[in-house]
Amino acid sequence: MALRKDGWLWALGLLSFVGILVAGYLALVWAPPAEGFVGEAELAQRIFYFHVPAAWTGFLAFFVTFVASVAYLWKGGRKWDILAASSAEIGLVFTTMVVVTGPIWAKPTWGVWWTWSDPKLVTAAILWLIYFGYMMLRRMVEDDARRARFAAVLGIIGFADVPIVFGAARWWGQSVAHPIVVSGGGFDVAPRMLTVLMFSLAVFTLMYIVILTLRVRAEHLADAVESLKTRE
Amino acid sequence: MIQVRGLTKAFGPKKVLRGIDLDVAPGEFLTLVGPNGAGKTTFLRILATLSRATGGDALIGGVSIADHPVQVRRNIGLVSHRTLLYDDLTAVENLQFYGRMYDVPKLDARIDEVLRQVDLYFRRHEPVRTYSRGMQQRLSIARAILHDPQVMLMDEPYTGLDVQATAMLRTVLQGLAASGRTVIMTTHDLELGLEVADRVAILSGGTIGFQAPAKGLSIHDFRRIYAEQVAG
Amino acid sequence: MNFLRKVGAVAWKDLRAEWRTREVFSAMFVFALLIIIIFNFALELRAENARVLVPGILWVAFTFSGMLGLNRSFIQEKDRGSLEGLLLCPVDRSAIYLGKMLANSALMALVAVFILPVSFVLFNLSFGALPMIVVVTALGTVGFAGVGTLFSAMAVNTRAREVMLPLLLFPVAVPLIIAAVKLTAGIMDGLPVAELARWWQLLIGFDAIFFTLSFMTFDYVIEE
């Protein structure tokens, strides 16, 4: 019964799982080699098909947290808090992917693991810190209602910081004379490469939606269990 | 003066107050007793607008605590076992600060007046940290009556007081009752509570299980009823 | 008008109490001094590299010592129970925010007032740049204390308290620190105003955005 009721979720879950496998094949085999990249760099460049979708999904997740936080402060209701927390958690995972894949791409391409003059990478790192603080804050507050309010405030402030951090990091990157001149970061994207990227973006987004649904549902179930336990 | 209707408070799944109905007439002194954890403090904090009720409402002087908390606060003086004072400020500075916050007219004269009432005038320019516990509690009463509120809420005002300070406080309480203010006081000292009150009420298990006029109620009967109520 | 009087009363009682003991200020000032001394040895500051390194060191000193003050701001209120007295007052919560924020900014600014000339002397910098750097410091301080006061009110209600504030505040304050350091360095180097315009925008923009957000959300942080 549960299976039939959740049929669509199972289907989406399966779809995103298969989608990831297909995306892996497309990115590593089907996509043409990027021009001007050779050897290790050519292989590493293919991380781009996961790096960019992970960044997009992380950003989307934090945006959902922001919207849910505003909704919570405005209207109240535990469901908004659960949505905000679940989305932030998933966003943190994807952002971790971004800051891990970034250096793997950067090393063979630019010759360094990390560059402070790439604003996107720096922003991702700062975002990771902000939302790590968000998760810490949630763990450190005992009272449910208070935790929800604090988290909502940070969910708003943190997201408002994103464009400012990005702007600051970009200007900063332009203004410092970095010892390693970053070049070869961008490349012309062939039509087939764009197809793969778009496919990967779609799959990542789908995966985010599936995980978010499961996560939110798990929280609601935990609530139900808790209220059964305390019922006299 | 105070009308409480169906007031509930839950911390997550834990219900502390399960629907409190209570009326206190103008000028009446109500003593509220109950075991630890029965919700006495929570109840007073909600009336003082320090904490929001989960359900129900209360009118203080005809004003809803849920809808117009700022207006209600003008009418309330709270004394708790914490002094709500600034240790590094003198008595006069403490009262000056609170007087400004409450827009007390002719503040300096009023400060002298209340300081004489609680017998602290001679030490008014010393920092509060040099005061004894009893003196601090007296000053905290001066703070609570500074803006001449119609309603006094007293949460275990006797906690931590020595014999002399207790006697002093009793005089102050009788003065409050005589001045026509409406008072709700919580205590776990049944005898003391019965002595100063017009009416007594027992809060246990999140509801008010018993209330009666203090006159004609002997301390033995009160003890017996209290034991029955608390036993459930 | 009445609102501003309440704001003033809150700021006044914080500063009055601090003036009596000078405990927090002393701690902040000495901590800032320690930071400068430690960096001096850790980075081997010399006349040639001082101009490059000092702006960053100054802002580490200002923000880290500011963190001490921000932490104390609500911990004192909470531990002595006076926070309840504050919340009982018939005023808008935003007046409490503004008052506390002004007191915190004033304390941070006061530390800077002492640290700036000391470090200019220590590192042999030209005093001509000082007035503009004071302006940067004022703006940076207000921005840092602006979000900091909000987060401090949150941190005091968590289990970790002191630990929580830097974890929340520093990531959010990164753009502010970048702008403040860039401006301080630019002014020391005597860069033309036009070249620094974007950093001024960033600093003032940060102040405005986060002050507004903190002002609006403080209610939810302090309410129970």
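Chain letters run A, B, ... following the sequence lines, proteins first and then strands; every chain starts at 1.
A 6.0 Å sphere centred on CZ of C:Phe170 holds more than 12 heavy atoms belonging to other residues, nucleotides or ligands. When the shell of 6.0 Å around CZ of A:Phe63 is examined, it contains 12 or fewer heavy atoms from other residues, nucleotides or ligands. The 12-atom threshold is exceeded at CH2 of C:Trp200, counting heavy atoms of other residues, nucleotides or ligands nearer than 6.0 Å. Sparse packing is recorded around CZ of A:Phe17, with 12 or fewer heavy atoms of other residues, nucleotides or ligands lying under 6.0 Å away.
Heavy atoms of C:Leu176 lying under 4.5 Å from chain A are absent altogether. With a 4.5 Å cut-off on non-hydrogen atoms, A:Ala160 touches chain C through its backbone and its side chain both. Proximity to chain A is absent for every atom of C:Val163, based on heavy atoms less than 4.5 angstrom apart. Both the backbone and the side chain of C:Ala160 come within contact range of chain A, with heavy atoms under 4.5 Å apart. Both the backbone and the side chain of C:Met154 come within contact range of chain A, with heavy atoms under 4.5 Å apart.
Summarising the geometry, atom CZ belonging to A:Arg149 is positioned 10.0 Å from atom CD1 belonging to C:Ile222; distances are rounded to the nearest 0.5 Å. A:Met140 contributes atom CE, which lies 14.0 Å from atom CG of C:Asn157 (distance to the nearest 0.5 angstrom). The CG atom of A:Asp143 sits 13.0 Å away from atom OG1 of C:Thr158, with the distance rounded to the nearest 0.5 Å. To the nearest 0.5 Å, atoms CG (A:Leu154) and CG (C:Leu168) are separated by 5.5 Å.
Shortest non-hydrogen contact noted between A:Ile130 and C:Pro171 is CG1-CB, 3.5 Å. Closest approach of C:Trp199 to A:Trp171, counting heavy atoms only: CH2-CB, 3.4 Å.
For the pair C:Phe218 and A:Val153, the minimum side-chain heavy-atom distance is 4.5 Å or more. By the 4.5 Å heavy-atom criterion applied to side chains, C:Val174 and A:Val122 are not counted as neighbours. Counting heavy atoms from C-beta on, the side chains of C:Leu202 and A:Ile164 come closer than 4.5 Å. Counting heavy atoms from C-beta outward, C:Phe151 and A:Phe150 have side chains that stay 4.5 Å or more apart.
Distance alone, capped at 3.5 Å, is enough to place a donor-acceptor pair between the C:Arg159 side chain and the A:Arg139 backbone.
Contact tally against chain C (heavy-atom pairs below 4.5 Å) for A:Ile156, A:Leu137, A:Val141: the top residue is A:Leu137. Ranked by non-hydrogen atom pairs under 4.5 Å with chain C, the options A:Leu73, A:Val162, A:Val165 are led by A:Leu73.
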